[in-house]
Amino acid sequence: MHQVKIYSAFFLLFLGINFGFAQDTIQQSRLRQDQLQEGEDYVIDTIIDGQAYFKKSIKSIEVLELPKVLQDHEFAADIDKKWLEELYSNTLFDTIYRDVSGLKYDAVYYPELTTDTLKARLQRLNARTPFNVEYNPGLESVIKSFLKNRHHSFERLMGLSNYYFPMFERELDNYDIPLEMKYLAIVESALKPRARSRVGATGLWQFMFATGKEYGLDVSSYVDERSDPIKATIAASKYLSKLYKLFGDWDLALAAYNSGPGNVSKAIRRSGGYQNYWNIRPNLPRETAGYVPAFLATMYIFEYAKEHGFVQHRPEFHLIETDTIHVKQMITLDQVSEYTGVEIETLQFLNPAYKLDVIPFIEGKNYTLRLPRTIIGAFVNNEEQLYAHAKAEFDKREKPLPQFQDSDSKTRYRVQQGDYLGKIARKFGVRVSQIKQWNGLRNNNLKIGQRLTIYPRNGVPVNRAKASATAKKRVIPANAKTYTVQQGDSLWSISQKFSGVSVQNIKDWNDISGNKLKPGMKLLVSKG
């Protein structure tokens, strides 16, 4: 994962009291001595040609110190990017799914682990867990197959587990679920929060839509709480607890979690009444038959990782190094990234439940934003400015999602003195993350004279758009109807006042691209 970089100077300029002020506004705030008002506090702003200029004294505001800006190593950053793609690609999830659904139990040659050593370790593991971890040749085959063929995959999973397992263990303990159940999320999803099976099961714990709803997981156009690590773990704990009360056996509860209680009860009947997983296993669906062996093999490998020489990769974050904020207004992860300097990939990793990278604000719902702890204080300290800017940006947008830009509409921009990505993004009506993506930028640093490829909003550079709008004169037919916009009007409310007129009609007839209206504006509401 890319290292989180905090650009203090950019952050303060972007969010501080002087946010958005142009250079000419700053100059107008300078006062000569004969312009000073009695009773006000002033300080010298600058001296030009011997003439002192003053400005009003501003009380200092305590600003939270952010980490020093660090320049990342280009080669190392590229490795991190490839590592991130490998960690969170669907490939790992699909491979584990194939392993579980198509397990073979043929003998595997793996001399590094003898049968006697495995038996002794499984016996010790069985003594400290409520799962039935007794040795059998089939389980030995699965364990050796994983060790031989999935070594690198398990190393990656061990790195991810350092972040996810603490939150799993806390919720499992709250519902008296064995802590070893955390390994189930590896079998279910390969620790991929947005993993989606072929039948639609989603998230770390692979909930179907209806089951997720039943256990309190909200699914909407913006949010899928089946992908929220904590909320989904709470739901899984409730479901597993219910299954254990039903069967009184954790192995059977595991089987029921995968295939449903009905399939387990059928397998019990077909086996002649046995209530041990290994005895009913031949009568279970093929995938479920490999499910518990895969779970037990995963448990063994994690518990004896050191003995098998697995490298423990440190994650970008431990859970304790992050914290959450309840959002007070709709905001996008892209905006948060731009304001705070936290990489968008990091925000997506920490907030996987937001399907469109948009955090909505809905009365009665408590949606949260998870951030690195180093950012929390600065975010809270400036959240009013953050939300105000986010709202202003939403108001300007025609649509909340980026549109495809044709390659013919691109323009080349040369970085000037005083430019930064946020300023350039506003100039062309695009996002900072888009500029970075179009130009392969790994951070927010720019050099004077550097040339950037930009695909301006609506395919037209801002300056050309204004010029064409000025040059274009609209001719209104003599018998056309017009309407004067009143306070509180919207395009929809106006369209309802005229039969057969739609919002799109009004937009087309008046060359309106967005939805903002100003009182007093004259609108053409019929062609006559």
Side-chain angles (χ1 to χ4, degrees), residues 92-106 122 126 129-143 145-146 150 172 177-178 180-192 195-212 214-215 226 232 235-301:
L92 186 56
F93 166 66
D94 288 342
T95 304
I96 286 184
Y97 180 87
R98 287 197 302 271
D99 283 348
V100 173
S101 58
L103 277 181
K104 296 179 180 179
Y105 302 95
D106 301 331
L122 290 177
N126 188 55
T129 176
F131 295 96
N132 185 11
V133 200
E134 294 182 3
Y135 170 84
N136 65 68
L139 180 57
E140 178 179 17
S141 171
V142 176
I143 290 173
S145 176
F146 281 8
R150 309 291 300 152
L172 292 170
I177 310 292
E180 293 85 358
M181 195 65 80
K182 62 192 176 186
Y183 300 121
L184 179 61
I186 291 175
V187 179
E188 286 286 354
S189 65
L191 296 183
K192 186 175 184 295
R196 186 176 178 85
S197 76
R198 292 160 181 78
V199 295
T202 301
L204 288 160
W205 299 94
Q206 289 292 281
F207 275 98
M208 295 295 287
F209 181 89
T211 311
E214 182 183 350
Y215 284 88
R226 294 176 296 176
S237 298
K238 291 178 180 177
Y239 187 33
L240 286 163
S241 180
K242 190 173 182 179
L243 291 173
Y244 179 71
K245 289 178 182 176
L246 198 61
F247 291 100
D249 179 275
W250 284 113
D251 291 340
L252 295 183
L254 273 176
Y257 188 91
N258 176 255
S259 64
N263 280 322
V264 176
S265 64
K266 289 174 189 173
I268 291 173
R269 291 188 185 94
R270 288 168 180 161
S271 69
Y274 283 110
Q275 298 179 32
N276 177 284
Y277 168 80
W278 295 100
N279 291 331
I280 71 168
R281 184 169 160 271
N283 299 293
L284 288 169
R286 179 175 177 81
E287 181 186 332
T288 310
Y291 191 70
V292 174
F295 170 79
L296 295 177
T298 300
M299 183 195 304
Y300 168 82
I301 291 172

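If you're wondering where the values come from, they're calculated on a predicted model, not measured in any experiment.
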Identify the heavy atoms of [X] and [Y] that sit nearest to each other, and give their distance.
X      : Y      : answer
Ala255 : Leu284 : CB-CD1, 4.4 Å
Phe146 : Ala297 : CD2-CB, 3.9 Å
Arg281 : Pro293 : NE-CG, 3.9 Å
Pro130 : Glu180 : CD-OE1, 4.2 Å
Asn276 : Leu252 : C-CD2, 4.5 Å
Phe131 : Asn126 : O-OD1, 3.1 Å

Relative to the ring of Phe207, is the ring of Tyr239 parallel (under 30°), tilted (30 to 60°) or perpendicular (over 60°)?
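It falls in the tilted class, 30° to 60°.
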Where do Asn258 and Val187 land on the side chain to side chain contact (heavy atoms under 4.5 Å, CB included) test, with the steps shown first?
CA-CA 10 Å; Asn258 176 255; Val187 179; over 6 Å; no
Under 3.5 Å donor-acceptor, [X] side chain and [Y] backbone:
X      : Y      : result
Ser197 : Ala195 : no
Ser189 : Ala185 : yes
Tyr277 : Ala289 : yes

So, taking the atom named [atom1] in [X] and the one named [atom2] in [Y], what distance separates them when rounded to the nearest 0.5 Å?
X      : Y      : atom1 : atom2 : result
Tyr183 : Leu191 : OH    : CG    : 11.5 Å
Leu243 : Lys238 : CG    : NZ    : 14.5 Å
Ile301 : Leu296 : CD1   : CG    : 11.5 Å

A side-chain contact here means heavy atoms from C-beta on lying under 4.5 Å apart; do [X] and [Y] qualify?
X      : Y      : answer
Tyr257 : Glu188 : yes
Gln275 : Asp249 : no
Ser237 : Tyr215 : no
Arg226 : Phe209 : yes
Trp250 : Thr129 : no
Leu139 : Leu122 : yes
Phe247 : Leu254 : no

List, one per line, each side-chain donor-acceptor pair under 3.5 Å for residues 261-274, sequence neighbours excluded.
| residue | atom | partner | partner atom | Å |
| --- | --- | --- | --- | --- |
| Asn263 | ND2 | Ser259 | O | 2.8 |
| Ser265 | OG | Pro261 | O | 3.4 |
| Ser265 | OG | Gly262 | O | 2.8 |
| Ser271 | OG | Ala267 | O | 3.3 |
| Ser271 | OG | Ile268 | O | 2.9 |
| Ser271 | OG | Tyr274 | N | 3.3 |

